[in-house]
Structures are given as C-alpha cells and as structure tokens.
Amino acid sequence: MSSNQRFSIYKSSAGSGKTHTLVAKYLSLILSQPDAHYFKHVLAITLTNKAVYEMKHRILATLEVFAGVQEPSGADLEMQASL
C-alpha cells in the first residue's frame, strides 16, 4: 500500500483479499465521520465491473448486518472484526 493524507493505493495479485481490504477501509472511513454524506467524498476504483459489483454487494450486505436487517454470515463476522 502506498499512502499519503489524500489517498491510498492497494496493489496485489488476484485472490489476495484486495476487495475485502477495500470494503473494510471504505466502511471504516465512512462510518467514522460525523457527516452522514461523507461517502460522497470517497472514490474507490477497481479494474473490472465484476470487482465493482462485488464491492457494492459486500458494502451493502455488511451495512444490512450492522442495521440488523440481515443475519450475519461467517464472512460478515470476519468483516466486522476487521473494522
């Protein structure tokens, strides 16, 4: 990971957990801000539409678990532990 105050870059091989890391960082960032609309100021870029779908699905599923709408799965519990 390369990082400064403005942005972070994650580079690694396929199957290494980039999507999990991006989702965890994204949720951690937006949920730690007092502004409910802070998510509008965060840009996450992936290289494929499949990765975009996977990130969106994981973010929404995790938020549903946090809200009590959905029962947590093993992956959801792992995500909660990493935040």
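Residue indices begin at 1 and follow the sequence shown.
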Derivation of the side chain to side chain contact (heavy atoms under 4.5 Å, CB included) call for Leu63 and Leu27
CA-CA 9 Å; Leu63 290 174; Leu27 288 171; 3.8 Å; yes
Would you check, one step at a time, whether the test side chain to side chain contact (heavy atoms under 4.5 Å, CB included) holds for Leu29 with Phe39?
CA-CA 8 Å; Leu29 181 64; Phe39 68 94; over 6 Å; no
Are Ile30 and Leu60 grouped together when hydrophobic residues (ILVMFWY) are joined by side-chain heavy atoms under 4.5 angstrom apart?
no
I need the His20 NE2 to Lys25 NZ distance, nearest 0.5 Å.
10.0 Å
May I have the list of side-chain donor-acceptor pairs in residues 41-54 shorter than 3.5 Å, sequence neighbours left out?
{"unit_1": "Thr46", "atom_1": "OG1", "unit_2": "Thr48", "atom_2": "O", "d": "3.2"}
{"unit_1": "Thr48", "atom_1": "OG1", "unit_2": "Ala51", "atom_2": "N", "d": "3.0"}
{"unit_1": "Glu54", "atom_1": "OE2", "unit_2": "Arg58", "atom_2": "NE", "d": "2.6"}
{"unit_1": "Glu54", "atom_1": "OE2", "unit_2": "Arg58", "atom_2": "NH2", "d": "3.3"}

